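These numbers come from the heavy atoms of this one structure, side chains and all, not from hydrogens, waters or symmetry mates. Whatever order the structure lists them in is the order used to number ligands and atoms, beginning at 1. Just so it is clear, the model here is predicted, and its values are computed rather than measured. Sequential numbering from 1 along the given sequence is applied to the chain's residues.
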Amino acid sequence: MGKALIIGAGGVASVVVHKCVQNPDVFEEICIASRTLSKCEALKTKLDGGRTKISVAQVDADRTEEVVELIKSFGPDIVINVALPYQDLTIMDACLETGVHYLDTANYEPLDNPKFEYKWQWAYREKFEKAGLTAVLGSGFDPGVTGVFSAYALKHYFDEIHQIDIVDANAGDHGYPFATNFNPEINIREITAKGRYWENGEWVETEPLSEKKVYDLPQIGPKDIYLLYHEELESLAQNMPGLKKIRFWMTFSQNYLNHLKVLENVGMTSIEPIEFEGQKIAPLQFLKAVLPDPASLGPRTKGKTNIGCIFQGTKNGEPKTYYVYNVCDHEECYREVGSQAISYTTGVPAMIGAMMVLKGLWKKPGVYNVEEFDPDPFMEELNKQGLPWVEDFSPTLLD
Ligand code: NDP
């Protein structure tokens, strides 16, 4: 059916590649391209020999001209961007220049102004419309499946959704005193930032990790959950008609938070470059270099994740509640694709999003967040591709 250029060769990219290869009717040919060629080659060596033809390339995706050259030589139908958020715009520019569809899992942020905002990528709407190209933003789990869950809830169960609480729980244990489950730089910055939620048309800011509740998660049990800002809040607040309130909650263990507090107190989570032995280094980037590589957590991690959305709204004038979630087992993910559940729950939806575009089910010129497409075929694929979902029509509410 089509050709995909996958940019990045980290934890998420590895899952995307495994999943593309499992769907050779859709992904006839893929090229794995990243900054470090050896990581692409290692994936090819592991997965070559099936029906999906695999090639590799070295690319610095910060340089649009390098991506353009690669697209011209490989000729993909879509670029799956699973590098870092810093590369979003250069890759989008390359897609525009070469006439190729685009998909990513995290919104752009400039290196020197780390703010999770869609404004930079939404500014490309007209350019993609005019070029007749589709750009799918945020097709991971959160953002990603959480947006698809929201569109599905609205389509099938509600006339109006008034409140959404997204709950992201990871009850996995990797045995290290401290490690992050995905890119440490992005992860730590997300957590140390101020919390924010949206209510009655306004953003309400909270001190980092100051809002805490305990929620009893299906198949995981009661966990401490903390209010965070998360990028899908911005798009869902705009795209869900009638919405009054949306919040995002994530679990953290006390041990994780203690380590984080110490690192923060000694300045290791700062992105402000400092002078060290004649070189400028950002402490957080140095910290990333000394922490365990998220990709190495796979074989050690036991336990489950549970990510879902709790909806409150109305149907036929009556109040209605609905909770839809996925439970993913770290060890099962590792057995299947050699990665833990965090990379798995991001990589599978990235592959499904690309599949939607290649199949023509999610094709409309412009730049869109996932909730702006028909959720049904995506939901169907989640069940088939390893992320089955569970529905609960009388969930415990968060307030
Ligand atoms: P990793 O750090 O494991 O991998 C990132 C990859 O991108 C690495 O292979 C890296 O190359 C490559 N890369 C970085 N810069 C460049 C560049 N300039 N040119 C080419 N390649 C580059 O990250 P993850 O796999 O954990 O995360 C990937 C993306 O997924 C991130 O954007 C993250 O924010 C997003 N994500 C989204 C989630 C969601 O649910 N929506 C959840 C988790 C992650 P090298 O090997 O040389 O370092």
Nearest protein heavy-atom contact for [atom]: which residue, which atom, what distance?
atom	value
atom 44 (C) of ligand 1	F182 CD1, 3.6 Å
atom 5 (C) of ligand 1	L84 CD2, 3.8 Å
atom 9 (O) of ligand 1	A9 N, 2.9 Å
atom 46 (O) of ligand 1	K39 NZ, 2.7 Å
atom 41 (N) of ligand 1	T105 O, 2.9 Å
atom 2 (O) of ligand 1	N183 ND2, 2.9 Å
atom 38 (C) of ligand 1	T346 CG2, 3.3 Å
atom 12 (C) of ligand 1	S34 OG, 3.5 Å

Closer than 4.0 Å to some heavy atom of [X] - which atoms of ligand 1 meet that?
X	answer
G11	3 (O), 25 (O)
F141	39 (C), 40 (O), 41 (N)
D62	18 (N)
D60	17 (C), 18 (N), 19 (N)
V59	19 (N), 20 (C)

So is [X] polar-close to ligand 1, meaning N/O to N/O under 3.5 Å?
X	answer
I342	no
A106	no
P143	yes

Salt bridge between [X] and [Y], side-chain N to carboxylate O under 4.0 Å?
X	Y	answer
K213	D165	no
E41	K44	no
D25	R51	yes
K302	D173	no
D77	K363	no
K155	D374	yes

May I ask you to check whether [X] and [Y] show a side-chain donor-acceptor distance below 3.5 Å?
X	Y	value
K19	Q22	yes
Y344	E336	yes
E232	T146	yes
W122	N369	yes
Q238	Y118	no

ask   = OH/Y176 to CG/L291 distance, rounded to the nearest 0.5 angstrom?
value = 10.5 Å

Heavy-atom neighbours of K130 NZ exceed 12 at 6.0 Å = no

message = For the CD atom on E275, are there more than 12 heavy atoms of other groups (residues, nucleotides or ligands in this structure) within a distance under 6.0 Å?
response = yes

request  = Specify side chain, backbone, both or neither for R35, according to which of its non-hydrogen atoms lie closer than 4.0 Å to ligand 1.
outcome  = both

Heavy atoms only: which of [options] is nearest to [atom]?
atom	options	answer
atom 25 (O) of ligand 1	V82, V12, T180, I307	V12
atom 17 (C) of ligand 1	S139, S343, A61	A61
atom 29 (C) of ligand 1	G10, G8, A83	A83
atom 45 (P) of ligand 1	I32, T36, V370	T36

task = Check if G144 has a non-hydrogen atom at a distance under 4.0 Å from any atom of ligand 1.
result = no

key: Within-shell test, G138 vs ligand 1, heavy atom, strictly < 4.0 Å   = no

